*Asks:* 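Okay, handing you the structure first.
Each chain gets a letter, A, B and so on, in the order its sequence line appears, and its residues count up from 1. Computed from a predicted model, the values in this text were never measured in an experiment.
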Amino acid sequence: MSGDYSHNDSQIDSGSRYNDSHKHKEKYKEKEHKHKEHKKDKDRDKSKYSNSEHKDYSEKKHKDKEKERLKHKDGSSDKPKDKYKDKEKRKEEKLYDGRLKKEKENGFASPLHVKSEPESDDFYLSPKSLKRERDDDDSEYKPKKMKVENEDKSEKKAKKRKQEDENTKTKKKTKDKKGEVADGKKKAKKEPEEKWKWWEEERYTDGVKWKFLEHKGPVFAPPYEPLPEHVRFYYDGKPMRLSPEAEEVATFFAKMLDHEYTTKDVFRKNFFKDWRKEMTSEEKGKITDLNKCNFTEMHEYFKAQSEARKQMSKEEKQKIKEENERILQEYGFCIMDNHRERIANFRIEPPGLFRGRGDHPKMGMLKRRIRPEDIIINCSKDSKQPKPPPGTKWKEVRHDNKVTWLVSWTENIQGSIKYIMLNPSSRIKGEKDWQKYETARRLKSCVDRLRAQYREDWKSKEMKIRQRAVALYFIDKLALRAGNEKEEGETADTVGCCSLRVEHITLHPEKDGQEFVVEFDFLGKDSIRYYNKVPVEKRVFKNLQLFMENKQPEDDLFDRLNTTILNKHLQELMDGLTAKVFRTYNASITLQQQLKELTTADENIPAKILSYNRANRAVAILCNHQRAPPKTFEKSMQNLQTKIDAKKEQLADAKRQLKSAKADHRVCKDEKSKKAMEAKKKAVQRIEEQLMKLEVQATDREENKQIALGTSKLNYLDPRISVAWCKKWGVPIEKIYNKTQREKFAWAIDMADEDFEF
DNA sequence: CCTAGCACTTAGTACGACAGAT
DNA sequence: ATCTGTCGTACTAAGTGCTAGG
């Protein structure tokens, strides 16, 4: 069941959508300021309506949350695995509820794999480590102890385990070979033969994220290196030496000189204000006008530097690469519950000028340098704590295993907290990702009921409910984001569904031959423009008219609604349901549907991949994932066309040759001419194939001009759909997912078979 | 309730490495 | 071998959604 309305008509083929958000931003500037004055209207209005039928939401639900975590294996395609043998595990198993236990009895146990753990430190990876410690009575998880413990185990047991280990391994190997022939040779080198399959283990259920965490802390930005003497800054035409502090900030600006940013008033104003804060009083007295500042020498210097970097010899480059690798090995990994896991961003953000997206009021402000004293370290008590650089201290070291981050600091632009967390390939991120798709799949099974309900609610006599129902309809049909409120003046003026304002939609009782058309035009996340004309049901249309009555353009469309109210409602309809689940659900179901529709059995692999990309594109369009057309787009498109033309010529030529060969053969009828003819035939075929490949490539690229496929692939599409599709049609998974993506989706690649249904 | 703060996911872009063309 | 275009990755901003505390 794909109960998926008519996304495709309204979105995919929509010629009316245009993507050049930047061109149209100007228009929003004026609006932005106006709406602020009216912002308070919502609060005022609220008291106008009676709260009579106000529902009393009980808090019951939240307890059930944890249950849901356990559920997530239910819907997936489980494969039988080796039976459990480890006694210790058995014991632990009893701590879990029946459902889980049953699963395990089905043979969903993790194989033993310790020895081959990727490049891991033996110390932590004693054979027992095949499983995370879950006993809650003792949260002090001690690796050392474990190792000892393990060595103390009876020989018999150890041998037995070892044997099993071998068994699993051989099994695996065969399987791997089947699956990834292409990888074979690389693997032989360094790569471990087996990766940890965390998805075959049970999960924490109590909000605990880990039991053991050890890491080396962050890598700080390199200290500032003052400019050489000959590179000068000029004020009012005269050279001027700056103090190191002021100079550093000046270089930030100088580096951005050919960027459009530096011409914007807000940017310049913010920059100048913050720059002056870094100046000595003497400098402050002198430098009073940014327009009199000349950074060009600095700018040239940095350009030359980056040029020099490009011109470096192979050896130098190699050296840098090695150094980076060393840092990566040292700081880029942590030990979390017996496994060495990759950290996503172990480098602290360097200082610089804040580059907000869109019309950001804070663009150009100085993002200050982060020092060890700003840093909070999170790790387990019994781990080797990271050391701050000599002569410095951490702000704090804490041991909070209810969160996943390793390092945090507070950023000075918005005052928000930044984190260092693990890579998407890690267990902790992967589990969450998997869970997300399982929630979306649960939505699939009740979306019909839900849709029926909100349609019913369009008729409600309560304004609040009607607004909620219409908003939900948009979120479902158009995959709009929830639209939290934002603090004014702190960020660019962007909106989502609940925060839509009257000025963002236009109602057309009739437009382009369609009835009840709503025209959306607003800036969404990252100030990306959403423009769409959608025919809606009459009832929705009438409701919108009602919501807009007596309102100013700057007023909220849904004045009785916000994301909290909406999500509370959704939570009651389905456990774990929030507005964003609809995006995941609709994206994934659309992919599945489109793949079904577009893939044909007799196409070759490139054509199949084009079909996949088209399905992917349908989703990207639905979710409004845009990109700036690549700078080189036109040119590379032309080049491709040239190639195609050349190929066509070649084909025509080959065809002529074939024709004459045929004629020859008809005359001679000997072996030789027959062979010649067949050779020509083959040549034609080959060229035809090449031509087709090129043409496919051209189509694909053209259609992709300003659509970004990456975001949906990475965040919205259940990877099991893609894996199943690849298996079904014999498309190598490498054609769909690159290495990083395969690492992120290892769980899906391992567990989905060709009949996986989202 | 309401808000602020926190944790975590989702987002586009800049840039360098690398592969394929010349 | 050099050039050029593509791709992968790092980076970090900007969302969502929950919760604690007034």
Side-chain angles (χ1 to χ4, degrees), chain A residues 21 43 51 54 56-57 59 62 65 207 209 256 259 306 309-310 312 317 320-321 324 328 332 344-350 352 354-358 360 362-363 367 376 378 400 402-405 408 410-411 413-424 428-429 432-433 436 481-487 490-492 494-499 523-528 562-568 570-571 576-581 583-584 587 620 623-628 630-633 635-637 639-640 643 697 701 706 708 710-716 737-741:
Chain A
S21 53
D43 311 320
N51 273 344
H54 193 80
D56 178 31
Y57 300 117
E59 291 129 56
H62 289 268
K65 276 255 174 75
K209 304 291 169 61
M256 295 174 81
H259 202 292
S306 79
R309 227 172 301 130
K310 270 183 222 154
M312 275 189 310
K317 278 187 180 165
I320 290 171
K321 210 175 159 187
N324 278 335
L328 173 69
N345 55 324
F346 55 91
R347 286 172 205 276
I348 300 280
E349 297 174 16
F354 177 75
R355 305 158 78 118
R357 318 246 168 97
H360 198 116
K362 299 193 170 185
M363 64 168 82
K367 214 171 88 161
I376 302 176
N378 193 30
D400 181 356
K402 298 277 202 289
V403 297
T404 67
W405 52 268
S408 76
T410 302
E411 152 267 356
I413 304 287
Q414 315 277 1
S416 65
I417 308 171
K418 300 268 191 160
Y419 302 94
I420 290 184
M421 293 184 188
L422 296 194
N423 203 56
I428 212 157
K429 294 289 184 191
K432 199 78 187 295
D433 205 35
K436 172 182 79 187
R481 294 190 186 81
N484 281 315
E485 289 110 309
K486 312 170 58 180
E487 222 177 310
E490 296 292 300
T491 59
T494 62
V495 297
C497 186
C498 293
S499 50
L523 299 182
K525 183 178 180 181
D526 295 307
S527 294
I528 296 291
N562 62 37
T563 53
T564 311
I565 297 171
L566 179 65
N567 281 335
K568 256 194 192 129
L570 292 175
Q571 181 61 228
L577 187 61
T578 61
K580 86 199 249 303
V581 178
R583 249 168 105 79
T584 312
C623 295
N624 200 39
H625 291 141
Q626 300 187 19
R627 62 167 184 178
K631 285 183 201 87
T632 53
F633 186 84
K635 203 173 140 200
S636 73
M637 211 60 203
N639 287 348
L640 197 56
K643 268 196 221 166
Q697 204 187 344
R701 201 185 292 173
Q706 22 188 215
T711 305
S712 50
K713 207 186 221 182
L714 238 43
N715 300 303
Y716 288 103
Y737 291 136
N738 68 30
K739 184 160 161 280
T740 317
Q741 293 163 341

*Asks:* Heavy atoms only, 4.0 Å cut-off, all strands: where does A/Lys310 land among base, sugar-phosphate and nothing?
*Replies:*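 The answer is nothing, as A/Lys310 stays clear of every strand by at least 4.0 Å.
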*Asks:* Nearest-Å distance, CD1 (A/Ile348) to P (C/dA13)?
*Replies:*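 It is 13 Å, rounded to the nearest whole Å.
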*Asks:* According to a strict under-4.0 Å criterion, is A/Thr564 in side-chain N/O contact with OP1 or OP2 of C/dC18?
*Replies:*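 For C/dC18, OP1/OP2 do not have a side-chain N/O of A/Thr564 under 4.0 Å.
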*Asks:* For B/dA14, take OP1 and OP2 only and decide whether either is under 4.0 Å from a side-chain N or O of A/Arg627.
*Replies:*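 For B/dA14, OP1/OP2 do not have a side-chain N/O of A/Arg627 under 4.0 Å.
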*Asks:* With a 4.0 Å limit, can you tell me whether A/Lys418 has a side-chain N or O closer than that to the phosphate oxygens OP1/OP2 of C/dC11?
*Replies:*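 No, because none of the side-chain N or O atoms of A/Lys418 sits under 4.0 Å from OP1 or OP2 of C/dC11.
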*Asks:* Nearest whole angstrom, please: distance from the P of B/dC8 to the CD1 of A/Ile417.
*Replies:*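 Result: 11 Å.
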*Asks:* I want to verify a distance call: between B/dG12, C/dT12, B/dC8, whose nearest atom is closest to the A/Lys432 side chain?
*Replies:*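 It is B/dC8.
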*Asks:* Specify the residue among A/Gln741 and A/Glu411 whose closest nucleotide of DNA chain C lies further upstream toward the 5′ end.
*Replies:*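 The answer here is A/Gln741.
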*Asks:* Choose from B/dC8, C/dT12, C/dC11 the nucleotide whose nearest atom is closest to any side-chain atom of A/Thr404.
*Replies:*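 For the A/Thr404 side chain, the nearest candidate turns out to be B/dC8.
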*Asks:* Please produce a list of atom pairs where a protein N or O lies less than 3.5 Å from an N or O of nucleotides 14-17 of chain C.
*Replies:*
| residue | atom | partner | partner atom | Å |
| --- | --- | --- | --- | --- |
| C/dA14 | OP1 | A/Arg357 | N | 2.7 |
| C/dA14 | OP1 | A/His360 | ND1 | 3.3 |
| C/dG15 | OP1 | A/Thr494 | OG1 | 2.8 |
| C/dG15 | OP1 | A/Asp526 | N | 3.2 |
| C/dG15 | OP2 | A/Lys486 | NZ | 2.9 |
| C/dT16 | OP1 | A/Ala482 | N | 3.3 |
| C/dT16 | OP1 | A/Gly483 | N | 2.6 |
| C/dT16 | OP2 | A/Asn484 | N | 3.0 |
| C/dT16 | OP2 | A/Asn484 | ND2 | 3.2 |
| C/dG17 | OP1 | A/Thr578 | OG1 | 2.8 |
| C/dG17 | OP1 | A/Ala579 | N | 3.2 |
| C/dG17 | OP1 | A/Lys580 | N | 2.8 |
| C/dG17 | OP2 | A/Asn567 | ND2 | 3.0 |

*Asks:* Between A/Lys209 and B/dC8, is there a contact of a side-chain N or O with OP1 or OP2 at under 4.0 Å?
*Replies:*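 So the side chain of A/Lys209 is within the cut-off, an N or O lying under 4.0 Å from OP1 or OP2 of B/dC8.
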*Asks:* Atom pairs, N/O to N/O, protein against nucleotides 5-8 of chain C, distance under 3.5 Å?
*Replies:*
| residue | atom | partner | partner atom | Å |
| --- | --- | --- | --- | --- |
| C/dG5 | OP1 | A/Lys635 | NZ | 3.1 |
| C/dG5 | OP2 | A/Lys635 | NZ | 3.3 |
| C/dT6 | OP1 | A/Arg701 | NH1 | 2.9 |
| C/dT6 | OP1 | A/Arg701 | NH2 | 3.1 |

*Asks:* Would you kindly compare A/Met421 and A/Tyr716 by the position of their nearest DNA chain B nucleotide and give the one closer to the 5′ end?
*Replies:*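 The residue closer to the strand's 5' end, by nearest nucleotide, is A/Met421.
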*Asks:* Could you work out, with side-chain hydrogen bond (donor to acceptor under 3.5 Å, both in side chains) as the rule, every residue matching A/Glu349, not counting sequence neighbours?
*Replies:*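 Residues passing side-chain hydrogen bond (donor to acceptor under 3.5 Å, both in side chains) with A/Glu349: A/Lys367, A/Lys418.
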*Asks:* With a non-hydrogen cut-off below 4.0 angstrom, is A/Pro424 in contact with a base, only sugar-phosphate, or nothing?
*Replies:*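 No contact.
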